[in-house]
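For reference, the structure is listed below as structure tokens.
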Amino acid sequence: MALKDLISINDLTSTEIRKIFTTAADLKANPRNYSDALAGCSVALIFEKPSLRTRVTFDLGATQMGASCVYLDHQGVRLGERESVKDMALNLERWVDVIVARTYSHETVIELAAHSSAPVINGLSEFSHPCQGLTDYFTLTEKVGPDLKGFHIAYVGDGNNTCHSLIFAAAKLGAHISVGCPKGYEPDAEVLKLARKDARKTGAKIEVVNDPFDAVEGAQAVYTDVWASMGFEAETERRREIFSPFRVTKKLMKATEKDALFMHCLPAHRGDEVDADVIDSRISIVYDQAENRLHTQKAIMFLLVEANR
Ligand code: CP
Ligand code: NVA
């Protein structure tokens, strides 16, 4: 990979994305072949927000490849408060080979990357969740085959960080993404602009509508995420009212293509963004997505360290 960091899927080429997928598949099939891949390396995990999947899978993934991890718990304290983000990067780069950061502000990840010679991986910011988006399309390749050109995914709910990463990846891979969200909760206009630029080259289709039934028409997978992301908890009640028509129900799933899959990055709130009889049914692949966080992030760490040796 030519990249030093993984900040946003928009920074990747489609070839790099496919390389991540093939490496993840190989890592998943042959984990022992990589047991020394990061021998002697150290990984810093900096989290301003809570996490189950990202924290566990980066920690285990690095350990399984021979690296050691240091976890920096900043929950409740934003980076840059005790010392500048720049100074933090300039310290960490002297000790570690990879920095994984989950931050409120996307600018914080960019600043860490700008000042650290060690690769920085965005473990979720308010703007994007690239490791999640890459994992999700990798999971789809396992379900429907390696070429996702023309595959139609509908994202229903908040036009948030996860949604942005799914849009960027669809654009690079030539997939079709239709986003259904309430007025005022659409994905960022700049994301759509950048993604549509790629879409013109790859044949991807990107549409945003304000009716969930329009979004899922013809979809082969329906994806949703929480209505109030981390950092927006104060809006939970207000959003519950605004978003309730966007709940993924059996009725909504019936309006899709036959045999459509259900996807969610988790954590999920049954009865809010998705009904239990959808997420807990046989069409749901949410635990495959969660498992694949491990393999995909191992591939990302492996490829970034290799490229920066
Ligand atoms: N999907 C995801 O990133 O989960 P965590 O917030 O638990 O890491
Ligand atoms: N959009 C969610 C994703 C959680 C993995 C959030 O930012 O809280």
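Whatever order the structure lists them in is the order used to number ligands and atoms, beginning at 1. Keep in mind the model is a prediction, meaning the values are calculated, not measured.
- Of the possible donor and acceptor atoms, none in the side chain of Arg102 sits under 3.5 Å from a partner among the backbone N and O of Leu124.
- Contacts of Leu266 with ligand 1, taken as heavy-atom pairs under 4.0 Å, involve the backbone alone.
- In terms of protein heavy atoms, atom 6 (O) of ligand 1 is closest to Arg102 NH1, 2.8 Å.
- Figure legend: cation-pi geometry between Arg55 and Phe47 absent, as NZ or CZ is not positioned both under 6.0 Å from the six-membered ring centre and within 45° of its axis.
- Here the protein heavy atom with the shortest distance to atom 4 (O) of ligand 1 is Arg53 NE, 2.8 Å.
- By the 3.5 Å distance cut-off applied to N or O atoms, Asn160 is counted among the residues near ligand 2.
- Judged purely by atom type and a 3.5 angstrom limit, Lys172 uses its side chain to pair as donor or acceptor with the backbone of Asn10.
- Considering backbone and side-chain atoms together, Met230 places an N or O closer than 3.5 Å to an N or O of ligand 2.
- For a threshold of 3.5 Å applied to N or O pairs, the pair formed by Asn161 and ligand 2 contains at least one separation below that value.
- Asp225 OD2, 3.6 Å is the protein heavy atom nearest to atom 3 (C) of ligand 2.
- Using a 3.5 Å distance cut-off with no hydrogens or angles, the side chains of Glu273 and Thr224 do not pair a donor with an acceptor.
- If you check which protein heavy atom lies closest to atom 5 (C) of ligand 2, you get Leu266 O, 3.6 Å.
- Residue Met230 places no N or O, backbone or side chain, under 3.5 Å from any N or O of ligand 1.
- Close contacts of ligand 1 with Arg293, meaning ligand atoms under 4.0 Å from a residue heavy atom, involve 1 (N), 2 (C), 3 (O).
- Between the side chains of Asn160 and Tyr155, at least one donor N or O lies within less than 3.5 Å of an accepting N or O.
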List the steps, then state whether ring-ring contact (aromatic ring centres under 6.0 Å, His included) holds for Tyr185 with Phe246. CA-CA 12 Å; Tyr185 294 88; Phe246 292 80; 9.3 Å; no

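- Looking at ligand 2, you'll find an N or O of Ser229 within less than 3.5 Å of one of its N or O atoms.
- Of all atoms in ligand 2, numbered sequentially from 1 with element shown, those under 4.0 Å from a heavy atom of Leu124 are 3 (C), 4 (C), 5 (C), 7 (O).
- Below 4.0 Å from some heavy atom of Leu52 lie the following atoms of ligand 1, by number and element: 5 (P), 7 (O), 8 (O).
- The pair Glu237-Arg240 counts as a salt bridge, with a side-chain nitrogen and a carboxylate oxygen less than 4.0 angstrom apart.
- Residues Tyr71 and Asp59 bring no donor and acceptor atom of their side chains to less than 3.5 Å of each other.
- Every atom of ligand 2 with a heavy atom of Val226 under 4.0 Å away is listed here by number and element: 2 (C).
- In this structure, a donor-acceptor pair under 3.5 Å is present between the side chains of Glu93 and Ser117.
- The distance from ligand 1 to the heavy atoms of His129 drops below 4.0 Å at these ligand atoms: 2 (C), 3 (O).
- Note that the CD atom of Gln289 and the CD atom of Glu142 stand 11.0 Å from one another [nearest 0.5 Å].
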